[in-house]
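Structure, as structure tokens:
Start at 1 and go down the list; that is how both ligands and their atoms are numbered.
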Amino acid sequence: MNTFECILTEKRDDGIGVIQLNRPDKLNALSLQPMVELVEAFEGFDNDSDVRCIVIHGNKKAFAAGADITEMADATAIDMLSRDQFTRWERIRKIKTPTIAAVSGFALGGGCELTMICDMIVASDTARFGQPEIKIGVMPGAGGTQRLTRAVGKARAMEMVLTGDMISATEAYEAGLVNKVVPVNVYFEEAISLAKRVATMPPVSAKLAKESVLKAFDTTIESGMEFERKNFYLLFATEDSKEGMQAFVEKRKPEWKGK
Ligand code: CO8
């Protein structure tokens, strides 16, 4: 049963955990309450061994239009510091289970940053991504200058961050921010279908592979290669690695145990 106020969650039979942002009248603005709930939902799915992939979405009009401006309007720097919002963002970043954002409509500010914390993005052709914080006198604070720059490159990130202009789904695809762009009526199903493919992979491999890809963003190539190699060796300790190779040799489908 869903016990949240600002999000909906569903654990599906096919190994997919679904989180839906559910403040449609506020374009899913990320106030404190949804952030607290998001962390609980993400970590709950991450700790559930039946869940092999997590999909987060909003609605057709908005994935999320950013942090809740009304909550920040009168805040001092010390208020922001003591709210310690970024610890919550860090906890979402540390989720080991692969995550996919299914995005339609606005993904702005913290909303865009939330899509970029996810491992993959499936966008509807109506999706629009942007970091408009400069227009309200601040700047991105949850990865908009870092993850966006790594995803789309310096020139485009600078333009988005310095003008607040949005980019279309097609531009986001061409820039390498999103995995695919599909018609708006099927974007959620397409994200689920990608999640299903990930969910059928051996889960320990999926988690260690995700961890290794993410490592590429915060280390040198040399230490990243060492990290990758350790995870590669570690997977030889799993029963699933034996099963996967044996199944290949025997020309049959592998049956994963998740260990
Ligand atoms: N915060 C609070 N309320 C919002 C937000 C928001 N970010 N976005 C929309 N809403 C509300 C509107 O106030 C309106 O409420 P009401 O009906 O009560 O007046 C409702 O949602 C519908 O919005 P609009 O009527 O404005 O809808 P439009 O279709 O006319 O416009 C836009 C859509 C263009 C998306 C417009 O709503 C907009 O510009 N929104 C603000 C976008 C923005 O600036 N986002 C960045 C916020 S700052 C941020 O994200 C910093 C992140 C830092 C990390 C987090 C750390 C805490």
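Within a 4.0 Å radius of atom 33 (C) of ligand 1, the protein has at least one heavy atom. Distance check on atom 25 (O) of ligand 1: every protein heavy atom falls at or beyond the 4.0 Å cut-off. Counting protein heavy atoms under 4.0 angstrom from atom 13 (O) of ligand 1 gives zero. Within a 4.0 Å radius of atom 7 (N) of ligand 1, the protein contributes one or more non-hydrogen atoms. At least one protein heavy atom sits closer than 4.0 Å to atom 48 (S) of ligand 1.
Interface of E113 with ligand 1, defined as ligand atoms under 4.0 Å from a residue heavy atom, comprises 52 (C), 53 (C), 54 (C). Atom numbering of ligand 1 starts at 1 in the shown order; those under 4.0 Å from a heavy atom of P132 are 43 (C), 44 (O), 45 (N), 46 (C). Per-residue contacts place G110 under 4.0 angstrom from the following atoms of ligand 1 (heavy atoms of the residue considered): 49 (C), 50 (O), 52 (C). Per-residue contacts place E133 under 4.0 angstrom from the following atoms of ligand 1 (heavy atoms of the residue considered): 48 (S), 49 (C), 50 (O), 51 (C), 52 (C). Of all atoms in ligand 1, listed by their number and element, those nearer than 4.0 Å to a heavy atom of F86 are 54 (C), 56 (C). Each of the following atoms of ligand 1 lies closer than 4.0 Å to a heavy atom of I136: 48 (S). Atoms of ligand 1 found under 4.0 Å from any heavy atom of D68, numbered from 1 in the order shown, are 1 (N), 2 (C).
At a threshold of 4.5 Å between non-hydrogen side-chain atoms, the residues W89 and M35 count as touching. The shortest side-chain heavy-atom distance between L32 and R88 falls under the 4.5 Å cut-off. Side-chain atoms of D240 and P203, non-hydrogen and from C-beta on, do get closer than 4.5 Å to each other. Inter-residue side-chain proximity for L177 and E171 is flagged as unmet; no heavy-atom pair is nearer than 4.5 Å. Within the 4.5 Å cutoff, the side chain of C118 has heavy atoms near those of the I56 side chain. Between K26 and S31, every side-chain heavy-atom pair lies at or beyond the 4.5 Å cut-off. I192 places none of its side-chain heavy atoms less than 4.5 Å from the side chain of I100. In this structure, K242 and F236 have side chains that are in contact, with non-hydrogen atoms separated by less than 4.5 Å.
With respect to atom 5 (C) of ligand 1, the closest heavy atom belonging to the protein is A29 CB, 4.0 Å. Of the protein's heavy atoms, D25 O, 3.2 Å lies nearest to atom 20 (C) of ligand 1. Shortest contact from atom 42 (C) of ligand 1 to any protein heavy atom: A65 O, 3.3 Å. With respect to atom 38 (C) of ligand 1, the closest heavy atom belonging to the protein is L108 CD1, 4.9 Å. Remark: minimum distance from atom 37 (O) of ligand 1 to any protein heavy atom is reached at L27 CD1, 3.6 Å. Among protein heavy atoms, the minimum distance from atom 1 (N) of ligand 1 is reached at I69 N, 2.9 Å. What sits closest to atom 16 (P) of ligand 1 on the protein, heavy atoms only, is K26 NZ, 3.5 Å. Among all protein heavy atoms, the one lying closest to atom 30 (O) of ligand 1 is K61 NZ, 5.0 Å.
Looking at M72 next to ligand 1, no N or O pair under 3.5 Å apart turns up. Not a single N or O atom of G109, backbone or side chain, sits closer than 3.5 Å to an N or O atom of ligand 1. Considering backbone and side-chain atoms alike, T70 places every N or O at 3.5 Å or more from each N or O of ligand 1. At least one N or O atom of A67, backbone or side chain, sits closer than 3.5 Å to an N or O atom of ligand 1.
Atom CD of E250 has more than 12 heavy atoms from other residues, nucleotides or ligands within 6.0 Å.
In this structure, R93 pairs ionically with E90, as a charged nitrogen and a carboxylate oxygen lie closer than 4.0 Å. A salt bridge links D119 to K210: at least one charged side-chain nitrogen sits closer than 4.0 Å to a carboxylate oxygen. Ion pairing of R91 with E43 is present here, as a side-chain N (NZ or NE/NH1/NH2) and a carboxylate O approach within less than 4.0 Å. Using a cut-off of 4.0 Å between Lys/Arg side-chain N and Asp/Glu carboxylate O, R252 and E243 are scored as salt-bridged.
Note: M160 CE to T145 OG1 = 12.5 Å, rounded to the nearest 0.5 Å.
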